[in-house]
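Provided herewith is a single structure, encoded as structure tokens, for subsequent inquiry.
Computed over heavy atoms, backbone and side chain alike; hydrogens, waters and symmetry mates excluded. Just so we're on the same page: letters track the sequence lines, and every chain starts at 1. Bear in mind that the values here come from a model prediction, so they are computed numbers and not experimental data.
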Amino acid sequence: MPVSAPAPGPGPTPGPASVSASVPAAPVPVDLPATGALHGAVIDWFDEHARDLPWRRPDAGAWSVMVSEFMLQQTPVNRVLPVHAEWLERWPRPADLATESAGEAVRAWGRLGYPRRALRLHAAATAIAQQHGGEVPREHSELLALPGIGEYTAAAVASFAYGRRHIVLDTNVRRVFARLATGVEYPPNATTAAERRLAAALLPDDEGTAARWAAATMELGALVCAARSPRCGSCPVADRCAWRLAGSPAHEGPPRRGQTYAGTDRQVRGRLLAILRASRTPVPRALLDTAWSEPVQRARALDGLLADGLVERLPDDHYRLPA
DNA sequence: GATTCGTGGGA
DNA sequence: TTCCCAAGAAT
């Protein structure tokens with residue numbers, strides 16, 4: 001039997017406030033059959049098939065989890081692994097990173113992409129050192145107040161690092177729920193109130209079980225319920241998947257436009273920053289000019305990096321990563 | 001709510 | 001080769 005989506009109309013309010021401050025008090029599922037069996041099937045699968053990732057090991061602290069979550073924002077696991085290991089060895093605690101310059105964080109970020117995340121992680125570490133006694137906060141609201149931490153990352157750190165009960169809605173979980181419960185191939189482009197309601201309704205009541213459920217549904221989305229070619233033959237809940245029971249209908253609506261990259265400011269920024277990462281000494285403007293031939297776009301990209309705080313301009317028209 | 005923000009690997 | 005997209009956040 002497929003998992004039923006929340007039905008409109010009156011009903012009991014969803015779980016305690018510990019779910020998340022942003023879960024709307026809204027119509028609630030009247031009947032969610034066999035959620036206990038659902039939890040068990042997914043969590044049992046997770047116990048057997050979960051990847052052995054460094055930030056999941058018993059000796060991994062909250063800082064390791066937090067660093068991994070920053071790096072995993074839009075970057076695949078296999079590319080994060082080596083950089084995460086370097087960071088944890090070099091900066092075992094938030095206070096260690098906080099003593100470094102922001103530029104060192106950007107340099108050590110390497111080619112993970114979206115280097116503003118390095119800046120924000122450095123700023124978050126500084127805030128933790130100065131305002132949280134050097135300990136990664138346990139509360140969702142405190143995590144959310146840190147730079148670079150949004151709704152998802154706050155819930156992920158609280159859940160994975162501290163075993164707290166939160167809805168953890170990343171792209172994997174949203175896709176799993178879209179198929180399993182809603183019966184469509186892909187979730188909406190942006191997270192909706194209906195998705196939060198559904199996730200809250202499916203969240204196990206027990207705190208420890210909820211944390212396992214969050215990790216398990218995410219792993220299921222990453223390994224089995226993949227975006228392109230789902231491996232339904234290996235799925236522990238294929239027999240109750242609404243999308244599959246409906247005949248796996250193709251996604252309706254316009255295809256989400258891919259982000260063309262070649263020729264964009266982002267590519268130019270990437271080239272400029274690669275030059276700056278590679279140099280320990282300030283770089284003359286002439287060297288940066290080799291990054292891109294078109295002068296207007298090149299100047300715009302450099303201005304953007306300066307505005308973002310990823311680059312500093314020195315008096316003699318030299319440039320470097322921020323001190 | 002729509003845009004912007006990197007990079008690289010797999011189908 | 002081209003296209004898709006990968007544990008989002010900030011504006």
Salt bridge or not between A:Asp303 and A:Arg300? Use side-chain N to carboxylate O under 4.0 Å.
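Between A:Arg300 and A:Asp303 there is no salt bridge, as every charged N stays at least 4.0 Å from the carboxylate O atoms.
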Base, sugar-phosphate, or nothing for A:Arg111, non-hydrogen atoms under 4.0 angstrom?
sugar-phosphate
Members besides A:Leu302 in its Ile/Leu/Val/Met/Phe/Trp/Tyr cluster (side-chain heavy atoms under 4.5 Å):
A:Val106, A:Leu119, A:Val268, A:Leu272, A:Leu273, A:Ile275, A:Leu276, A:Val283, A:Leu287, A:Leu288, A:Trp292, A:Leu305, A:Leu306, A:Leu310, A:Val311, A:Tyr319, A:Leu321
Could you tell me how far apart A:Leu276 (CG) and B:dG6 (P) are, to the nearest whole angstrom?
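It works out to 13 Å between those atoms.
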Any salt bridge between A:Asp239 and A:Arg244, counting N to O under 4.0 Å?
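The answer is no: the pair does not qualify as a salt bridge.
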Sugar-phosphate only, base, or nothing, as touched by A:Ala190 at under 4.0 Å among non-hydrogen atoms
nothing
Under 4.0 Å, heavy atoms only, any strand: does A:Trp109 hit a base, just the sugar-phosphate, or nothing?
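If one applies the 4.0 Å heavy-atom cut-off, A:Trp109 turns out to touch nothing in the nucleic acid.
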Calculate the interatomic distance between A:Tyr186 atom OH and C:dA6 atom P; express it in whole Å.
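After rounding, the reported distance stands at 8 Å.
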Mind calculating the distance between CD1 (A:Ile167) and C1' (C:dA7) to the nearest angstrom?
15 Å
Base of B:dG6, side chain of A:Thr75 - is there a donor-acceptor contact under 3.5 Å?
yes
Euclidean distance, A:His84 NE2 relative to A:Phe70 CZ, rounded to 0.5 Å:
12.0 Å
What's touching nucleotides 9-11 of chain C from the protein side, N or O pairs under 3.5 Å?
unit_1 : atom_1 : unit_2   : atom_2 : d
C:dA9  : OP1    : A:Gly150 : N      : 2.9
C:dA9  : OP1    : A:Thr153 : N      : 2.9
C:dA9  : OP1    : A:Thr153 : OG1    : 2.6
C:dA10 : OP1    : A:Gly148 : N      : 2.7

Could you state the CZ-C1' distance from A:Phe70 to B:dT7, rounded to the nearest angstrom?
19 Å
Using a heavy-atom cut-off of under 4.0 Å over every strand shown, decide if A:Arg300 touches base, sugar-phosphate, or nothing.
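Counting heavy atoms under 4.0 Å across all strands, no contact is made by A:Arg300.
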Which other residues belong to the hydrophobic cluster containing A:Val184, where Ile, Leu, Val, Met, Phe, Trp and Tyr are joined when side-chain heavy atoms lie under 4.5 Å apart, directly or via other members?
none
Heavy atoms only, 4.0 Å cut-off, all strands: where does A:Leu119 land among base, sugar-phosphate and nothing?
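Nothing, no heavy atom under 4.0 Å.
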May I ask you to check whether over 12 heavy atoms, not counting those of A:Arg231, lie within 6.0 Å of atom CZ?
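Not buried by this count: 12 neighbours or fewer within 6.0 Å.
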Apply side chain to side chain donor-acceptor pair (under 3.5 Å) to residues A:Tyr152 and A:Arg174 and explain how you reach the verdict.
CA-CA 11 Å; A:Tyr152 160 76; A:Arg174 294 180 61 220; over 6 Å; no
Rounded to whole angstroms, how far apart are CG on A:Leu72 and P on B:dT7?
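Taking atom P of B:dT7 as the reference, CG of A:Leu72 is at 17 Å.
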Rounding to an integer number of angstrom, what distance separates B:dT3 and C:dA7 when you compare their P atoms?
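It comes out at 23 Å once rounded to the nearest Å.
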Counting only side-chain nitrogens and oxygens, does A:Arg79 get under 4.0 Å of the OP1 or OP2 atom of B:dG10?
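Negative; the distance criterion is not met.
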Closest-nucleotide 5' rank along DNA chain B - winner of A:Ser229 and A:Thr264:
A:Thr264
If you find the nucleotide of DNA chain C closest to A:Arg228 and the one closest to A:Asn172, which residue's nucleotide is nearer the 5' end?
A:Arg228
Can you tell me the distance, in whole Å, between the CZ atom of A:Arg266 and the P atom of B:dG6?
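The answer, rounded to whole Å, is 7 Å.
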With rounding to whole Å, what would you report as the distance between B:dG6 and C:dT11 at their P atoms?
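The answer is 14 Å between these two P atoms.
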Grab the CG-C1' distance between A:Asn189 and B:dA2 for me, whole Å please.
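Between C1' of B:dA2 and CG of A:Asn189: 10 Å.
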For A:Arg174, which contact category applies under a 4.0 Å heavy-atom criterion: base, sugar-phosphate, or nothing?
nothing
Any donor-acceptor N/O pair, A:Arg107 side chain to A:Ser279 backbone, under 3.5 Å
yes
Selection from C:dC5, C:dA7, B:dG6 that lies nearest to any side-chain heavy atom of A:Arg269:
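In terms of side-chain proximity for A:Arg269, the closest of C:dC5, C:dA7, B:dG6 is B:dG6.
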To the nearest Å, give me how far apart CZ (A:Arg117) and C1' (B:dG6) are.
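Distance check: A:Arg117 CZ to B:dG6 C1' gives 8 Å.
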